[in-house]
Structure formats: structure tokens, C-alpha cells
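Presented below is the structure to which this report refers.
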Amino acid sequence: PLVKRSILAALPECPGRYRHYDL
Amino acid sequence: AEVVPPTVHKVPGCDDPETEAAARVAVAYINKHLKHGYKVDLNRIEKVRYFERRPHGKIMDLELDVVETTCHLVDPLPAENCTVRKREEHAVEGDCDVKMIEVDGHYKVLRTKCHSSPDSDEDFQKSCPNCNRLSRLNDTDVVNTVHAALKEYNAQNTTHDHYKLLEISRGHHLHLARGVYAEFAIVNTNCSAQHAKEHEDDCHVATGDHLHYGFCKASFHKSAAEDAADHHEVHCTVYDHQPGVHHHHLIHEHVE
């Protein structure tokens, strides 16, 4: 059977978190 | 031989431990090779790509967002112990492209390219309406404040070395106090303060174990009353001699 794969799971998690502040 | 384009090794996340480890190495490299201004700290990993490297290891392309700390590059304090400059002080950020290789958990930086700029006037105004905006480093008032402050510092104690200006690193107008604030780096010369009074042109940057760098903060307040004197203030920290540490680029560009 064909299973639909989640696209979100394959997306890279970028950009990362801010360590200080958002400029 | 047929040219095979590099293949994407895997899709890494920007906050993956491996990416963070690589970014730390990159930021240390950037700080070690700074030519002007202040040491930086990592703010955000914008992008990362890994490529397979034959016969083993991988090539890593990183885009890093870094922020200025309060430690000038002549300050011997390790960058990780430095305080990141507050946004209210009109922070400066840098965008850096880094190419590095990783083999068996060891990273080597191949190339870095950084471009730094202050927070935009519009954003800064929005986030901090009453804060003082950074001035250009060649702003006449900033330059005059620095020269007056250094003169005062050299005159304060006639027994110590005579210092020269290495670079002006920051400055802004104090609008409410009708004044100027500036930060600058200094280096000692082979002259005593007394000797420099008469023969300043003969004074050159000290060499060997006698070389000391310093960092100063100065402010100038214009008196509100016409007949009252203006107020100058300067505080400098001179660092112990750091064996093997030279800032030739700064000396050549700004002193000689």
C-alpha cells in the first residue's frame, strides 16, 4: 500500500534559534 | 575524469549539536582573525549545508549571524567570557559565510567572509526611541573627543608610558546631556610621557615584551553655562603584555 510521507519531517530546521536577540 | 558535482551529505538542522559545534569553531576562528572592532558571539545559525568529501569527512557551508560583544579585539579576555552588547547600545551584527571541513569530529575552517552593520536606524528607533544612535567613526565630535581624552590620559600621569591611538571603535552623541561618548584602543610607545611632551614625533610603537595594548572609554559633556568649563572624562584599561599577540594591521593602518 502507498503511504503519504510527511513533507514537514524532511524539511531542514533552519534558521536556528536566537541566542541573544532578533536584530 | 568526469566531474561529479558534490552531493548533499544529509539535511542537517541549524540547531543540531554537530552544527553548533562547527559554528563554535567558526566563531573562535572569526575572533582570532578579527582586524577591527569588537569580538563577536554567535547569535543564530541561519543556514547549513553538508557535502560529502572524498575519501572521508564532509564539507560544511554555514551562514552565521553574530553579534558584537563589549570586548575589543585587544582585550585578552576569551570571547566566551565577554558580554554581548545590549541592543539599547545600538548593537552591531555580522553576517558571516563560513566554509569548513570536518574529519573524524575535527573541524577546520577554510574560509570566512563577514559583513557587519549596526541595527538599522528605523529598527533601532522603534525598539529604543530614547537611545543614542551610533555615530560614524570619523564623526568630527567623536574624533575630537577621542583626541582630547587621549591627551588627558597621557597627561594624567607623567611617570607612565606615552600612548598612541590605535583605532576609534565606537562613538555616539549624548543628545540629552549635550555631549559625546567614545570608545577607542591604544598602544604604548617607546617614550615616557615626559619625553613625549618634547619629542612626540620620535615616539614609535613599543616592541617585544614592552608592548601593551589598552582600551579606553571617554565622554565629553558640554557645559550648559557659557562661563563654565566643559567636562571631560576618560578611563583606560591597559592590559598585561600578551606574548605572541600582535595587531600589526591596526598599527600599520592607524598609527604609522
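Reminder, nothing fancy here: chain letters follow the sequence lines and each chain counts from 1. Since the model is a prediction, treat every value here as computed from it, not as a measurement.
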Using distance only, find each side-chain donor-acceptor pair of residues 103-119 of chain B under 3.5 Å and give its atom names and separation, not counting sequence neighbours.
residue	atom	partner	partner atom	Å
B:Y107	OH	B:E18	O	3.4
B:D119	OD2	B:R87	NE	3.4
B:D119	OD2	B:R87	NH2	3.3

Chain A contact residues among residues 61-68 of chain B, heavy-atom distance under 4.5 Å:
B:D65, B:V67
In this structure, are over 12 heavy atoms from other groups packed under 6.0 Å from B:R133 atom CZ?
no
Assess whether atom CG of B:D240 is packed by more than 12 heavy atoms of other residues, nucleotides or ligands within 6.0 Å.
no
Looking at residues at least two apart in the chain, or sitting in another chain, which of them share a side-chain contact (heavy atoms from CB on, under 4.5 Å) with B:L34?
B:N31, B:K39, B:L73
Matching residue for A:H20 among B:L42, B:N43, B:T69 - test: side-chain contact (heavy atoms from CB on, under 4.5 Å)
B:N43
For the residue pair A:C14 and B:G13, what are the closest heavy atoms and their distance?
SG-C, 4.2 Å
Disulfide bond (SG atoms under 2.5 Å apart): which pairs involve residues 25-74 of chain B, sequence neighbours left out?
B:C71-B:C82
If you take all heavy atoms of A:G16 and B:R44, which pair is closest and at what distance?
O-CD, 2.9 Å
Heavy-atom check, side chain of B:D41 versus side chain of A:R19, under 4.5 Å:
no
Nearest non-hydrogen partners of A:Y21 and B:V84, listed with the distance
OH-CG1, 3.8 Å
Are the side chain of B:D15 and the backbone N or O of A:R17 linked by a donor-acceptor pair below 3.5 Å?
yes
